[in-house]
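To keep things clear, I will list the structure first and then write my remarks on it.
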2 protein chains.
Amino acid sequence: MSDQPIAEPYALDTGRAAHSAAYSPLYQQIKAMLLQSLDRGEWKPGEPIPSELELAARFQVSQGTVRKAIDELAADNLLLRRQGKGTFVATHYEAKVRFRFLRLAPDDGRQQATSSRVLECSRIKPPADVAKQLDLRTSDQVFNLRRVLSFNDVPTIFEDIWLPGALFKGLSTELLAEHKIPLYGLFESEFGVSMVRAEEKLRALAAPTEQAQHLSVQTGTPLLQVERVAYTYGDRPVEVRRGWYLTQHFHYRNSLN
Amino acid sequence: MSDQPIAEPYALDTGRAAHSAAYSPLYQQIKAMLLQSLDRGEWKPGEPIPSELELAARFQVSQGTVRKAIDELAADNLLLRRQGKGTFVATHYEAKVRFRFLRLAPDDGRQQATSSRVLECSRIKPPADVAKQLDLRTSDQVFNLRRVLSFNDVPTIFEDIWLPGALFKGLSTELLAEHKIPLYGLFESEFGVSMVRAEEKLRALAAPTEQAQHLSVQTGTPLLQVERVAYTYGDRPVEVRRGWYLTQHFHYRNSLN
DNA sequence: TAGTGGTCTAGACCACTAA
DNA sequence: TAGTGGTCTAGACCACTAC
């Protein structure tokens with residue numbers, strides 16, 4: 001085993017000449033490569049990624065440059081740093097992460113027992129607007145999922161969810177029944193799809209008949225409607241979700257920074 | 001003029017001994033001092049702060065340490081870095097910042113002419129819940145402001161606002177009429193109060209009579225109610241705002257990260 | 001050309017974790 | 001004790017802005 005230099009396995013653009021065609025800093029290039037590794041599932045949620053020194057050696061840069069790349073991924077909540085232990089791939093099996101995506105909170109602040117009842121899980125062709133939001137054709141297959149979330153056994157959220165069929169092969173009512181909350185945890189461990197970011201649009205509206213029935217309220221009751229598009233690595237949309245929230249004893253919390 | 005060393009004017013805790021009582025990194029201490037300067041109004045919104053090298057000399061640390069402090073303040077949107085020009089105190093007279101606090105957007109994405117009509121501006125004693133949220137006594141004075149925001153002359157938001165009297169001396173309907181949008185711009189330039197962060201609670205509810213009248217809809221129309229507490233430097237609450245949004249043609253946009 | 005923030009390096013040392 | 005991330009330094013050079 002000699003110490004002969006190995007062939008440069010990573011194509012880093014070290015050329016930092018002024019006015020270079022498409023210059024991007026080294027740490028951005030490294031960030032992009034780490035993102036690819038995450039996307040490929042090279043390191044799974046909950047697992048540690050290689051140490052900073054190891055990555056620095058692999059990419060032939062200094063530790064500080066790797067640090068800056070990891071810093072940004074940690075700021076985006078894709079990675080989690082733990083001093084003395086390592087850097088880990090974020091997972092949805094953590095209260096912290098869950099609350100980032102479940103913004104409805106009880107007015108009195110008390111903990112609530114959460115339960116989910118799946119009403120439907122079928123393979124269908126998507127409505128035109130959903131197909132567009134998922135970057136699919138209307139001829140592609142999608143899963144349509146409908147469920148009711150209850151807090152302390154009080155039905156509070158009705159959700160209508162669409163998922164690309166190609167990514168969620170094998171999704172079924174049984175699988176959903178076995179698996180408990182959170183849904184995004186199931187997605188990451190069973191299908192290797194990590195939800196990283198989402199955009200939501202909120203409106204107040206009078207409950208349609210169907211939604212009202214699922215939530216045990218009268219038709220016309222004011223509901224908070226939440227339309228979500230969720231994205232995985234690389235800003236690829238992988239879920240459309242329409243939710244109707246009862247806000248008699250709950251509120252949607254948000255921070256403006 | 002001699003080059004004699006000046007007395008150390010800043011109390012930095014350089015003692016980094018293990019298990020030191022209350023150890024905090026140098027860059028955090030510097031961040032805290034920069035925050036104090038911002039709070040004192042040493043540098044006003046829109047103005048540049050001293051250069052990194054100058055601050056490094058002032059605090060007797062390396063440029064890198066100052067950079068890290070500034071990095072965090074810039075990430076929190078308190079400062080704005082502009083390469084080649086300097087680092088500036090964030091101001092609410094910028095579209096970017098405005099959209100951080102006004103989350104209602106038209107469904108069709110088209111630009112809308114925004115106008116504000118002030119209905120009331122009075123000095124009163126605060127309701128108990130408002131006093132509590134502002135860390136005031138119910139015997140303290142507050143300003144109560146009511147206004148309607150219209151987009152393309154369509155009334156869309158009714159707001160009820162409370163501000164600590166001590167901080168907003170001289171606030172009046174006239175001042176508000178002269179001054180155009182945004183309100184937080186007025187607060188920062190006329191009263192030296194910079195809104196830095198806010199927490200909101202959203203609910204859907206049936207329009208009460210008064211709100212319905214202001215928004216030209218029927219009593220009972222579903223409205224999005226938004227309760228906001230806004231904070232200035234050092235997490236001090238300085239505004240309570242209750243808004244009712246018409247979401248027929250608008251939605252509240254939010255990003256989950 | 002001078003001054004600003006932005007990137008990158010190499011190395012020292014600290015704080016935390018686990019064996 | 002060894003290995004990890006966290007802090008701090010000093011210095012070089014690049015990119016951008018303004019004069």
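In the text below, chain A, chain B and the rest are named by the order of the sequence lines, each starting its count at 1.
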Next on the checklist: Rounding to an integer number of Å, can you tell me how far B/Ile49 CD1 sits from C/dG5 C1'?
Outcome noted: 11 Å
Item to check | Between C/dG5 (P) and B/Leu53 (CG): distance, integer Å | outcome: 8 Å
Checklist entry - Could you state the CD-P distance from A/Glu47 to D/dT4, rounded to the nearest angstrom? => result 17 Å
Checklist entry - A/Glu190: what forms a salt bridge (Lys or Arg N to Asp or Glu O under 4.0 Å) with it, not counting sequence neighbours? => result none
Next on the checklist: Taking the six-membered ring for Trp, are B/Phe101 and B/Tyr184 closer than 6.0 Å centroid to centroid?
Outcome noted: yes
Item to check | Listed partners of A/Asp108 passing side-chain hydrogen bond (donor to acceptor under 3.5 Å, both in side chains), at least two apart | outcome: none
Determine all donor-acceptor pairs shorter than 3.5 Å in which one atom belongs to a side chain in residues 86-100 of chain B; sequence neighbours excluded.
{"residue": "B/Thr91", "atom": "OG1", "partner": "B/Tyr93", "partner atom": "N", "Å": "3.1"}
{"residue": "B/Thr91", "atom": "OG1", "partner": "B/Glu188", "partner atom": "OE2", "Å": "2.4"}
{"residue": "B/His92", "atom": "NE2", "partner": "B/Met195", "partner atom": "O", "Å": "2.8"}
{"residue": "B/Tyr93", "atom": "OH", "partner": "B/His179", "partner atom": "NE2", "Å": "3.2"}
{"residue": "B/Tyr93", "atom": "OH", "partner": "B/Gly185", "partner atom": "O", "Å": "3.1"}
{"residue": "B/Tyr93", "atom": "OH", "partner": "B/Ser189", "partner atom": "OG", "Å": "2.9"}
{"residue": "B/Arg100", "atom": "NE", "partner": "A/Asn257", "partner atom": "O", "Å": "2.3"}
{"residue": "B/Arg100", "atom": "NH2", "partner": "A/Asn257", "partner atom": "O", "Å": "3.2"}

Checklist entry - Taking only N and O in the side chain of B/Tyr27, is any of them less than 4.0 Å away from OP1 or OP2 of D/dT7? => result yes
Expected list for residues 75-82 of chain A: side-chain donor-acceptor pairs under 3.5 angstrom, two or more places apart:
{"residue": "A/Arg81", "atom": "NH1", "partner": "A/Asp71", "partner atom": "OD1", "Å": "2.4"}
{"residue": "A/Arg81", "atom": "NH2", "partner": "A/Glu52", "partner atom": "OE2", "Å": "2.1"}

Checklist entry - Hey, what's the ring geometry for B/Phe151 with B/Phe250, parallel, tilted or perpendicular (30° and 60° as the breaks)? => result tilted
Next on the checklist: Please report the distance, rounded to the nearest Å, between CG in B/Leu55 and C1' in C/dG3.
Outcome noted: 15 Å
Checklist outcome for this item: Side-chain atoms of B/Thr65 come closest, of D/dC8, C/dT7, C/dT9, to D/dC8
Next on the checklist: A/Glu227: which residues meet the salt bridge (Lys or Arg N to Asp or Glu O under 4.0 Å) condition with it, sequence neighbours left out?
Outcome noted: A/Arg203, A/Arg242
Item to check | Among C/dA10, C/dA15, C/dT7, the one nearest A/Ser62 by side-chain distance | outcome: C/dA10
Checklist entry - Does any residue of residues 67-83 of chain B have a heavy atom under 4.0 Å from DNA chain D, and if so, which ones, in number order? => result B/Lys68, B/Gln83
Next on the checklist: Under 4.0 Å, heavy atoms only, any strand: does A/Ser51 hit a base, just the sugar-phosphate, or nothing?
Outcome noted: sugar-phosphate
Next on the checklist: Whether B/Lys85 contacts D/dA18 is assessed here as follows: a side-chain N or O lying under 4.0 Å from the phosphate OP1 or OP2. Is that the case?
Outcome noted: yes
Item to check | 5' precedence on DNA chain C between A/Gly84 and B/Gly84 (nearest-nucleotide basis) | outcome: B/Gly84
Checklist entry - To the nearest angstrom, how far is B/Gln28 atom CD from C/dA15 atom P? => result 15 Å
Checklist entry - Taking both distances under 3.5 Å as the test for a Watson-Crick or G-U pair, what stems of at least three pairs does DNA chain C have? => result C:1-18 with D:1-18
Next on the checklist: Could you tell me how far apart A/Gln63 (CD) and C/dG11 (P) are, to the nearest whole angstrom?
Outcome noted: 12 Å
Next on the checklist: Measure CD/A/Glu52 against P/C/dG11 and give the value in whole Å, please.
Outcome noted: 17 Å
Item to check | Residues forming a salt bridge (Lys or Arg N to Asp or Glu O under 4.0 Å) with B/Glu72, sequence neighbours excluded | outcome: B/Lys31
Next on the checklist: Please determine whether side-chain contact (heavy atoms from CB on, under 4.5 Å) holds for the pair B/Gln112 and B/Thr156, giving the CA-CA distance in whole Å, both sets of side-chain angles, and the decisive distance to 0.1 Å.
Outcome noted: CA-CA 12 Å; B/Gln112 307 269 339; B/Thr156 306; over 6 Å; no
Item to check | Atom pair distance, as rounded to whole Å: CG in A/Leu26 and C1' in D/dA15 | outcome: 15 Å
Checklist outcome for this item: A/Val61 has its side chain closest, among C/dG5, C/dT9, D/dT17, to C/dT9
Checklist entry - Can you name the salt bridge (Lys or Arg N to Asp or Glu O under 4.0 Å) partners of B/Glu47, sequence neighbours left out? => result none
